[in-house]
**Q** 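Take a look at the following structure, please.
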Amino acid sequence: MSFSFFKPSRPKTPPEVVKAIKDSLLALDTKTIVEVKALEKAQEEVEKNIVTLRCMLSGDGEVEPNVEQVVLLATEICKEDVIALLIHKLPVLGWETRKDLVHCWSILLKQKVDSTYCCVQYMENHFELLDFLVVCYDNKEIALHCGNMLRECIKFSTLAKYILESASFQLFFKFVELPNFDVASDAFSTFKDLLTKHDSVVSEFLTAHYDEFFDVYERLLTSSNYVTRRQSLKLLSEFLLEGSNSHIMKRYILEVRYLKVMMTLLKDSSKNIQISAFHIFKVFVANPNKPREVKVILAKNHEKLLDLLKNLSGGKGSDDEQFDEEKELIIKEIQRVARLPHLDRK
């Protein structure tokens, strides 16, 4: 005979969990909240429901997640527009709730229903949610959570392509120089992923928006902020010297204005920046099809350039020998250009 007066509560089904999340998120609407206590109660309810969602998506450490339940959760979350609610309510969620939500987000985006990533498809049908996440970098309370969510989105080429081509992409040039170091660093991580994760998408973007992109990017390379200069220069090497962007590189190294930027960075007080600048500068010099304007600049400044290069060392390690060989070849090429007759150096 059982003496238990309480029956164990029946676990909620995925549709019930999604409905509970939706109802609790809607209760956060400031129009319906009259008292602070009522808001706190609503936030507690959201927190509890998101914890339930996390357990169902990733297990509780003892029990593995049920695959069928996970599929049904993803389906219901899209069908009930809960994704939009979760994103728009981020600013009023508690820190732990946001942390759990970010964890759930990475799982939901990877979840296939039949052959479709249903949550990715939802975002494709609601691109404005990506704009919202980008703009959230202006809110330091949620910036890092939104950054994590954005980088999960960027793993999918359609979502990365939208951000690159949207007006909100231009905001990254501001966000990477925000005074809050953690937020600026996170924004740069997202910026980097946008420019390196999908070669063909990036190549198409740079081809279509070459002038406006590099006009703004030059400001990062010449920033007064050391971290910005160093990170942007390193990133430039990564996507400019990438094989699929060779046509962009060939165009870039024909332009005197960008050669001058690299020459300035060769004089930077930071050795790391000098070395990174050298690896792009050498492509300008080694180019067998240098335009006359580039030759003139190299010839006019050859003495200063040679002094800079002779004092530049690659540091210790196995790459040091290769660096010295490359440097020697570049020095010889600058000397050769300087001896060319009929160059107007005025």
Side-chain angles (χ1 to χ4, degrees), residues 14 17-33 39 42-43 45-54 56-58 70 73-111 113 116-169 171-172 175 183 186-187 189-191 193-194:
V17 170
V18 173
K19 184 179 185 306
I21 293 171
K22 184 174 184 177
D23 290 345
S24 57
L25 287 168
L26 288 171
L28 293 172
D29 191 337
T30 53
K31 292 178 182 178
T32 66
I33 298 299
L39 176 58
Q43 288 176 325
E45 197 65 22
V46 172
E47 182 177 356
K48 182 181 73 175
N49 290 327
I50 296 296
V51 168
T52 301
L53 176 65
R54 175 172 180 154
M56 292 183 78
L57 288 174
S58 58
V70 172
L73 276 170
T75 304
E76 288 291 315
I77 281 173
C78 294
K79 187 176 76 174
E80 295 297 324
D81 285 326
V82 170
I83 288 181
L85 271 176
L86 287 168
I87 291 175
H88 284 303
K89 297 298 183 182
L90 268 168
V92 293
L93 298 181
W95 191 88
E96 281 295 333
T97 306
R98 291 184 207 133
K99 182 180 174 184
D100 285 336
L101 174 57
V102 169
H103 178 85
C104 294
W105 184 254
S106 64
I107 298 172
L108 287 168
L109 283 180
K110 298 183 184 80
Q111 185 56 49
V113 176
T116 304
Y117 292 102
C118 62
C119 294
V120 173
Q121 188 177 64
Y122 183 92
M123 295 297 288
E124 290 171 355
N125 293 328
H126 300 81
F127 278 136
E128 71 279 2
L129 296 176
L130 291 172
D131 293 317
F132 181 88
L133 287 172
V134 172
V135 171
C136 282
Y137 267 120
D138 249 339
N139 182 342
K140 65 181 180 182
E141 297 299 320
I142 59 173
L144 303 186
H145 299 99
C146 290
N148 274 314
M149 293 171 74
L150 275 171
R151 287 190 291 279
E152 289 296 328
C153 291
I154 290 166
K155 291 177 181 178
F156 299 89
S157 61
T158 54
L159 304 187
K161 179 180 173 66
Y162 171 78
I163 298 173
L164 279 173
E165 295 178 348
S166 71
S168 59
F169 175 66
L171 293 173
F172 279 99
F175 294 149
V183 175
D186 193 276
S189 294
T190 306
F191 184 61
D193 279 4
L194 282 166

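Source: prediction; values computed, not measured.
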**Q** Hey, could you give me the CD1/CG distance between Ile21 and Leu85, rounded to the nearest 0.5 Å?
**A**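 Interatomic distance, Ile21 CD1 to Leu85 CG, rounded to 0.5 Å: 10.5 Å.
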
**Q** With sequence neighbours left out, what residues match Asp138 under salt bridge (charged side-chain N to carboxylate O under 4.0 Å, His left out)?
**A**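 Expected list: Lys174.
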
**Q** Closest approach of Phe175 and Ala187, non-hydrogen atoms and distance?
**A**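 For Phe175 and Ala187, the tightest heavy-atom pair comes out as CB-CB, 3.7 Å.
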
**Q** Has the side chain of Arg98 got a donor or acceptor atom that lies under 3.5 Å from a matching backbone atom of Glu141?
**A**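 Such a contact is found between Arg98 side chain and Glu141 backbone.
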
**Q** Which residues pass the side-chain contact (heavy atoms from CB on, under 4.5 Å) test with Glu47, not counting sequence neighbours?
**A**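 In terms of side-chain contact (heavy atoms from CB on, under 4.5 Å), with neighbours along the sequence ignored, Glu47 is linked to Glu96, Thr97.
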
**Q** Report the residues that fulfil side-chain contact (heavy atoms from CB on, under 4.5 Å) with Ser106, sequence neighbours left out, ordered by chain and then residue number.
**A**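 For Ser106 the side-chain contact (heavy atoms from CB on, under 4.5 Å) partners, ignoring immediate neighbours, are Lys110, Glu152.
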
**Q** Lys48: which residues meet the salt bridge (charged side-chain N to carboxylate O under 4.0 Å, His left out) condition with it, sequence neighbours left out?
**A**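 Partners of Lys48 under the salt bridge (charged side-chain N to carboxylate O under 4.0 Å, His left out) test: Glu45.
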
**Q** Quick one: side-chain hydrogen bond (donor to acceptor under 3.5 Å, both in side chains) partners of His103, sequence neighbours excluded?
**A**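 Listed in chain order: Ser58.
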
**Q** With Glu165, which residues qualify under salt bridge (charged side-chain N to carboxylate O under 4.0 Å, His left out), at least two apart?
**A**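 Glu165: salt bridge (charged side-chain N to carboxylate O under 4.0 Å, His left out) contacts with Lys161.
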
**Q** Restricting to ring pair (Phe, Tyr, Trp, His ring centres under 6.0 Å), what partner residues turn up for Phe169, sequence neighbours left out?
**A**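 With sequence neighbours excluded, Phe169 shows a ring pair (Phe, Tyr, Trp, His ring centres under 6.0 Å) to Phe173, Phe191, Phe205, given in chain and number order.
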
**Q** Measure the CG-SG distance between Leu86 and Cys104 for me, rounded to the nearest 0.5 Å.
**A**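 Between atom CG of Leu86 and atom SG of Cys104 there are 8.5 Å.
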
**Q** Check Pro91 against Ile142 and note the closest heavy-atom contact, atom names and distance.
**A**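 Residues Pro91 and Ile142, closest heavy atoms: CG-CD1, 3.8 Å.
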
**Q** Nearest heavy-atom pair of Ala42 and Leu28: which atoms, and what distance?
**A**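 What the structure gives for the nearest pair is CB-CD2, 3.8 Å.
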
**Q** Measuring from atom CG of Leu159 to atom CG of Leu164, what distance do you get when rounded to the nearest 0.5 angstrom?
**A**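 Between atom CG of Leu159 and atom CG of Leu164 there are 11.5 Å.
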
**Q** If you round to the nearest 0.5 Å, how far is CZ of Arg54 from CG of Asp100?
**A**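 Those atoms lie 5.0 Å apart.
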
**Q** Heavy atoms, side chains only, cut-off 4.5 Å: are Val17 and Asn49 in contact?
**A**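 With C-beta onward as the side chain, the pair stays apart.
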
**Q** Which residues satisfy the side-chain hydrogen bond (donor to acceptor under 3.5 Å, both in side chains) test with Arg151, sequence neighbours excluded?
**A**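 For Arg151, the residues satisfying side-chain hydrogen bond (donor to acceptor under 3.5 Å, both in side chains) (neighbours in sequence not counted) are Asn148, Asp186, Thr190.
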
**Q** Can you tell me how far apart CD1 (Ile77) and CD1 (Ile83) are? Round to the nearest 0.5 Å.
**A**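 Taking CD1 in Ile77 and CD1 in Ile83, the distance rounds to 7.0 Å.
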
**Q** Under the ring pair (Phe, Tyr, Trp, His ring centres under 6.0 Å) rule, collect the residues that match up with Tyr117, sequence neighbours excluded.
**A**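 Partners of Tyr117 by the ring pair (Phe, Tyr, Trp, His ring centres under 6.0 Å) criterion, ordered by chain and then number, come out as Phe156.
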
**Q** Between Lys89 and Leu25, which heavy-atom pair has the shortest distance, and what is it?
**A**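 Heavy-atom minimum between the residues: CE-O, 3.5 Å.
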
**Q** Under the rule for side-chain contact (heavy atoms from CB on, under 4.5 Å), what residues qualify as partners of Gln111, not counting sequence neighbours?
**A**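 Val70, Val71, Ala74.
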
**Q** Does any non-hydrogen side-chain atom of Leu150 lie less than 4.5 Å from one of Ile163?
**A**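 The answer is yes; the side chains approach within 4.5 Å.
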
**Q** Which pairs of donor and acceptor atoms, one on a side chain in residues 124-133, lie under 3.5 Å apart (sequence neighbours left out)?
**A**
unit_1, atom_1, unit_2, atom_2, d
Glu124, OE2, Thr158, OG1, 2.6
Asn125, ND2, Gln121, O, 3.3
His126, ND1, Tyr122, O, 2.8
Asp131, OD1, Tyr162, OH, 3.4
Asp131, OD1, Ser168, OG, 2.8
Asp131, OD2, Tyr162, OH, 2.5

**Q** Nearest 0.5 angstrom please: Cys153 SG to Asp193 CG, how far?
**A**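 Result: 11.5 Å between the selected atoms.
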
**Q** Would you indicate whether Lys19, at its atom NZ, is surrounded by more than 12 heavy atoms from other residues, nucleotides or ligands within a distance under 6.0 Å?
**A**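 No, the 6.0 Å shell around NZ holds no more than 12 heavy atoms from other groups.
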
**Q** For Lys99, enumerate each residue passing the salt bridge (charged side-chain N to carboxylate O under 4.0 Å, His left out) test, keeping only those at least two apart in sequence or located in another chain.
**A**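 By the salt bridge (charged side-chain N to carboxylate O under 4.0 Å, His left out) rule, Lys99 matches no residue at all.
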
**Q** Shortest non-hydrogen contact from Leu90 to Cys146?
**A**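 Minimum heavy-atom contact is CD1-SG, 3.7 Å.
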
**Q** Check Cys78, Cys118, Cys119 against Leu108 for a side-chain contact (heavy atoms from CB on, under 4.5 Å) and give me the one that passes.
**A**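 Passing option: Cys119.
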
